[in-house]
Amino acid sequence: MSNKIPHLMIKLLAGFIVTAISLSTSLSYAEVVDAGKDLRLIKGRYLAIASDCVACHTASGGKPFSGGLAMPLPMGNIYSTNITPDKTYGIGEYSLDDFKKVLREGIRRDGSNLYPAMPFPSYTKLTDDDISSLYAYFMHGVEPVNQENKEPDFPWPLTMRWPLIAWNTLFLEKGAYQYKSDRSPEWNRGAYLVQGAAHCGSCHTPRGLGMQEKAYDESQKGFLAGAKIGGWEAFNITSNTASGIGSWSQPEIVQYLKTGNVPFKAQAAGSMAEAVTHSFSKMDDADLQAIALYLRDIPSVGDNQTRPRSSKIQPIENNDPAGANVYLNNCASCHGKTGSGTTDGYYPSMVGNSVVGAMDTNNLIKVILQGAEVNNGKEHYFMPAFADQLSNEQVAQLAEYLVESFAGHKLTVDADQVKKLRDSSN
């Protein structure tokens, strides 16, 4: 009898592998069978996608995971590090215990502490088995890149890392996620991903004076209640109907994560667009469903948003021609004279659009200045940047016009606000 596995059995085995380890559907059948030689690598690759490691550890035009991306802090920029298995500048000399200490405690192989810009307060919740899989992937599934790491922009003594020991003592809640027996497996999976690998709280949870997240799970007040990061407003994503995403259905949340676009409601931009492009769009539908289920159960937290950002409200008549002229000359060709966009939602409607309906206009201004882009593997959504075409005054006029004409409330936007957001992007 032949010692080769029959073709049908290979198919069944591949299907089992996909189900058992929540493999990303972006992997081909051939990759599944080949990676069956080392299931830990294939699981580690999926976890690296779920953790969106490539977004922070890859500079524009750089090789994957080779570092060099600027990470803004109040005192200046630090730069993401090389996490390829290069033995000189990367993590090629790290043992599994060294790697685990980075993710669980934020401590490097040389014993120095990491800045919490690296989301180890979230990664600490990963299981030992998942950390082992990530380690296997980065050591054996990633190309080593001999690229030197960049030093922070700010000078000594601000570069001293010993104060971070105190930060860890005060704020780090170490330990893997604890399964909750009174919740469903799907809820637990969603909680594990949101709190851990996907590190949603790193952007969406308010931070305290020590730059620590004020909450790390649904049992703590303020978890995912929204925060400002890099000039963007990472919106409140609690279950609050007005301030959060309580008015969103579970399928809408899944669609947003998978595609970055829920027509006539919301489109991803900024860091969220990167997360969709590199991470969420490549994850299993079952995991996205689990995330959506969990998010809809996050305790409600209110803020100054008094109605859902995507509300379709009767517009206010705008009598200022300046903003209307900017809109007609720069925006109407895609979004329509009446702001209705296209029927398929490819060009978004301004009416009921969550970024237009937000009481905080930072995201609207940032999108006008920087544009937006999402490539979810099926569609490539793109809006050009207008920073070079429009002055600060014109952007302010346009933002006011959009909010009044298509969201039905009046907000004052001045050129100084636009200038600050423009400068923060340079």
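What's counted below: heavy atoms across the whole structure, side chains too, no hydrogens, waters or symmetry copies.
- Distance check, rounded to the nearest 0.5 Å: OH of Tyr256 to CG of Asn376 gives 12.5 Å.
- Smallest separation of non-hydrogen atoms from Asn240 and Ser300: ND2-OG, 2.8 Å.
- A cation-pi arrangement is present between Lys265 and Trp248 under the rule of less than 6.0 angstrom and at most 45 degrees off the ring axis.
- Distance alone, capped at 3.5 Å, is enough to place a donor-acceptor pair between the Ser80 side chain and the Cys56 backbone.
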Subject >> Trace of the side-chain hydrogen bond (donor to acceptor under 3.5 Å, both in side chains) decision for Asp344 with Thr342 >> reply: CA-CA 5 Å; Asp344 61 359; Thr342 53; 2.7 Å; yes
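- With rounding to the nearest 0.5 Å, the separation of CZ in Arg207 from OG1 in Thr205 is 8.0 Å.
- The shortest side-chain heavy-atom distance between Thr81 and Arg108 does not fall under the 4.5 Å cut-off.
- Closest approach of Leu364 to Val355, counting heavy atoms only: N-CG2, 3.5 Å.
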**OP:** List the steps and the verdict of side-chain hydrogen bond (donor to acceptor under 3.5 Å, both in side chains) for Ser95 and Asp98.
**Re:** CA-CA 5 Å; Ser95 68; Asp98 294 333; 3.1 Å; yes
Subject >> Evaluation steps, side chain to side chain contact (heavy atoms under 4.5 Å, CB included), between Tyr137 and Arg40 >> reply: CA-CA 7 Å; Tyr137 172 66; Arg40 197 165 287 282; over 6 Å; no
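- Taking both residues in full, the closest heavy atoms of Trp167 and Pro121 are given as CH2-CG, 4.0 Å, listed atom of the first, atom of the second, then distance.
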**OP:** Could you give me the CA-CA distance, side-chain angles and deciding distance for Ser112 and Asp110, then say whether side-chain hydrogen bond (donor to acceptor under 3.5 Å, both in side chains) is met?
**Re:** CA-CA 6 Å; Ser112 60; Asp110 64 5; 2.7 Å; yes
**OP:** Report the C-alpha separation of Arg296 and Ser239 in whole Å, then their side-chain angles, then the decisive distance to 0.1 Å, and conclude whether the side-chain hydrogen bond (donor to acceptor under 3.5 Å, both in side chains) test is met.
**Re:** CA-CA 5 Å; Arg296 282 173 54 80; Ser239 60; over 6 Å; no
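- Asp97 and Lys101 are not joined by a salt bridge, as no carboxylate oxygen comes within less than 4.0 angstrom of a charged side-chain nitrogen.
- Rounding to the nearest 0.5 angstrom, the gap separating the OH atom in Tyr123 from the CG atom in Asp130 is 12.5 Å.
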**OP:** Show your working on side chain to side chain contact (heavy atoms under 4.5 Å, CB included) between Gln267 and Val367 and close with a plain yes or no.
**Re:** CA-CA 11 Å; Gln267 290 73 40; Val367 168; over 6 Å; no
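- Under a cut-off of 6.0 angstrom, the local environment of NZ in Lys174 is sparse, with at most 12 non-hydrogen atoms contributed by other residues, nucleotides or ligands.
- For Phe223 and Tyr216, the ring centers are positioned 6.0 Å apart or more.
- Residue-environment remark: NZ (Lys420) stays at or below the threshold of 12 foreign heavy atoms within 6.0 Å.
- Listed here is the closest heavy atom pair of Ala55 and His278: CB-CD2, 4.1 Å.
- By the 4.5 Å heavy-atom criterion applied to side chains, Leu164 and Leu114 are not counted as neighbours.
- Checked by atom type and distance alone, the side chain of Asp217 never pairs as donor or acceptor with a backbone atom of Gln195 at under 3.5 Å.
- Side-chain contact between Glu218 and Pro299: present, with at least one pair of heavy atoms (C-beta onward) separated by less than 4.5 Å.
- Between the side chain of Ser51 and the backbone N or O of Cys53, no donor-acceptor pair lies under 3.5 Å.
- Not one N or O on the side chain of Asn77 forms a donor-acceptor pair closer than 3.5 Å with the backbone of Asp153.
- Taking 4.0 Å as the cut-off between side-chain N and carboxylate O, Arg104 and Asp128 count as a salt-bridged pair.
- Proximity of Met211 to Tyr115: side-chain heavy atoms (C-beta onward) are nowhere separated by under 4.5 Å.
- Listed for the Thr238 side chain is no donor-acceptor partner under 3.5 Å among the backbone atoms of Ala225.
- Counting non-hydrogen atoms of other residues, nucleotides and ligands closer than 6.0 Å to OH of Tyr347 gives a total of 12 or fewer.
- Here the closest non-hydrogen pair linking Phe235 and His204 is O-ND1, 2.8 Å.
- For the atom pair Asn330 CG and His335 NE2, the distance stands at 10.5 Å (nearest 0.5 Å).
- Atom CH2 of Trp232 sits about 9.5 Å away from atom CG of Asn362, to the nearest 0.5 Å.
- In terms of modelled atom types and a separation under 3.5 Å, the side chain of Glu373 and the main chain of Ala273 share no donor-acceptor contact.
- No donor-acceptor distance shorter than 3.5 angstrom exists from the side chain of Asn149 to the backbone of Gly67, with no hydrogens or angles considered.
- With a 4.5 Å cut-off on side-chain heavy atoms, Pro144 and Lys63 do not count as touching.
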**OP:** Check the pair Val403, Lys410 against side chain to side chain contact (heavy atoms under 4.5 Å, CB included), reporting the backbone distance first and the verdict last.
**Re:** CA-CA 7 Å; Val403 170; Lys410 187 174 180 64; over 6 Å; no
Subject >> Chi angles and distances behind the side chain to side chain contact (heavy atoms under 4.5 Å, CB included) call for Val395, Phe386 >> reply: CA-CA 9 Å; Val395 173; Phe386 287 90; over 6 Å; no
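- When side chains are defined from C-beta on, Met118 does not count as touching Met71, because their heavy atoms never get closer than 4.5 Å.
- Here the side chains of Val374 and Glu379 are not in contact, with every heavy-atom distance at 4.5 Å or above.
- When side chains are defined from C-beta on, Ile83 counts as touching Phe138, because their heavy atoms get closer than 4.5 Å.
- Although no hydrogens or angles enter the test, the distance criterion places no donor-acceptor pair under 3.5 Å between the side chain of Arg309 and the main chain of Ile245.
- Counting only distance, with no hydrogens or angles, the side chain of Ser340 and the backbone of Ser349 share no donor-acceptor pair below 3.5 Å.
- For the side-chain contact (heavy atoms from CB on, under 4.5 Å) with Gln147, the lone residue among Thr84, Asn82, Asp86 that qualifies is Asn82.
- Nearest approach of Glu173 to Thr124, heavy atoms of both residues: O-CG2, 3.6 Å.
- Screening Asp285, Asp284, Asp287 for a salt bridge (Lys or Arg N to Asp or Glu O under 4.0 Å) with Lys258, the sole residue that qualifies is Asp285.
- With hydrogens and angles disregarded, no donor-acceptor distance shorter than 3.5 Å links the side chain of Ser281 to the backbone of Thr259.
- Interatomic distance, CG of Leu295 versus CG of Leu224, reported as 6.5 Å (0.5 Å rounding).
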